[in-house]
Amino acid sequence: MPTQDIRQRMNQRLAELYERHLALHEDKIVGYYTPGTGNHKPEETAESEHKRFAICLATTDGEVFYVGDHDRPFALQSISKVFVYGMALEAHGRDNVLKRVGVEPSGDAFNSIVFDERNNRPYNPMVNAGALATTDLMEGEDPAEDLERILGVLRRYAGNEDLKVDEDVFALEMGSADRNRATSYLMRSYGMISHAVEENLALYLRQCSVCVTSRDLAVMAATLANGGVNPVTEEQALASRYVRDVLSVMHTCGMYDSAGQWAYEVGIPAKSGVSGAILAVVPGKLGIGVFSPGLDVYGNSVRGIKVCEEISERLGLHIFADDAEDALLGPLNSGNGT
Ligand code: GLN
């Protein structure tokens, strides 16, 4: 357990990080996501959105540190893909899931309608087409049961029984889903989706519309960092043998078509969502949840990326880094390094 002194220093560092990035220049922000309407120019929504910002860290010891709008809810959006991929692996095993969705970075945008020509599979489960395929692999009797199961799993990851679908977000998403619908029909024509397109699409968009806070997000990330066991509640959210698969795909494909740049600069598995959230995992140590709605051209949170770059740099978290500028994380995790 960290001492009071370490906790205090950690909170100070976070407050510093927050203040510096809050002032980040808006010229880097390309848009904000508003469900149902796509990205807007900053001027249109900047007033209410641009100051929203939270950084949250959860350790595999179950300690949680946060700063900013840590209790402000936002939709998981694409981050939900991580957890549903894990469920598909648990239900069907690696080989069967691999028949439906690959593990190759696509280099294309998250909503690309391009598939692997050799086998008609979506490139990976972190782009929309891949997530439509993993959603199709849910095994409930009907979509209502599938949704309950997905919610149950998300709640275990977060240790929060209150997680639920935001019906307003869902209605807006459903009202502008033609591209995902077109992708689904194409996949169905290839035999890569077996359920009715509308049912599967609605289940996918409902999982995207589940609301969390950055605190929830950090604990979800820490659960992945902790071998699938929530470090706060000690509940198992994902069978430990599949954690490696999920993290590998996050590492190579989690940040859309800037996944390579992210792996190069930050060097830890992560997943972003167009609501402006990033979930990042430091195996054996830490989960990071950042929320800030200003997006870059790829649909990734601008402040989120900067904050993660700096945390990774200062704590030496890049998987190929050999040094840390700041030794704080060592004592924070003493006693539990899985
Ligand atoms: N609901 C969005 C979609 O399916 C999620 C996309 C995202 O976060 N990248 O288009």
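Just so you know, these numbers use all the heavy atoms, side chains as well, and skip hydrogens, waters and symmetry mates. Whatever order the structure lists ligands and atoms in, that order sets their numbers, starting from 1. Start at 1 with the first residue, then count along the sequence.
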Quick one: does ligand 1 sit under 4.0 Å from the side chain of [X], the backbone, both or neither, non-hydrogen atoms only?
X      : value
Asn111 : neither
Glu173 : side chain
Cys208 : side chain

Check ion pair [X]-[Y] (N to O, under 4.0 angstrom):
X      : Y      : result
Asp71  : Arg215 : no
Glu173 : Arg206 : no
Asp146 : Arg149 : no
Glu309 : Lys306 : yes

Discussion item. Please check whether Asn180 reaches ligand 1 - meaning an N/O of the residue sits under 3.5 Å from an N/O of the ligand, judged on distance alone.
Written reply: yes
Shortest protein contact, [atom] (heavy atom only):
atom                    : value
atom 7 (C) of ligand 1  : Ser78 OG, 2.7 Å
atom 10 (O) of ligand 1 : Asn128 ND2, 3.2 Å
atom 9 (N) of ligand 1  : Tyr256 OH, 2.6 Å
atom 4 (O) of ligand 1  : Tyr204 OH, 2.7 Å
atom 5 (C) of ligand 1  : Gln77 OE1, 3.2 Å

Practice prompt. Using side-chain contact (heavy atoms from CB on, under 4.5 Å) as the criterion, point out the one residue from Val97, Asn124, Leu238 that pairs with Tyr85.
Written response: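 Of all the options given, the one that passes is Val97.
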Worksheet item: Would Asp216 and Thr213 count as having a side-chain donor-acceptor pair, cut-off 3.5 Å?
Response: yes
Worksheet item: Without hydrogens or angle criteria, can the side chains of Asn119 and Lys99 be said to hold a donor-acceptor pair below 3.5 Å?
Response: no
Discussion item. Check the orientation of Phe74 and Phe291. Use parallel for under 30°, tilted for 30 to 60°, and perpendicular for over 60°.
Written reply: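 The rings of Phe74 and Phe291 lie parallel, inter-plane angle below 30°.
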Practice prompt. With heavy atoms of Val274 as the reference, note each atom of ligand 1 found under 4.0 Å away.
Written response: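 Close to Val274: 6 (C), 7 (C), 8 (O), 9 (N).
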Item to complete: Decide whether the shortest distance between a heavy atom of Gly273 and an atom of ligand 1 is less than 4.0 Å.
Response: yes
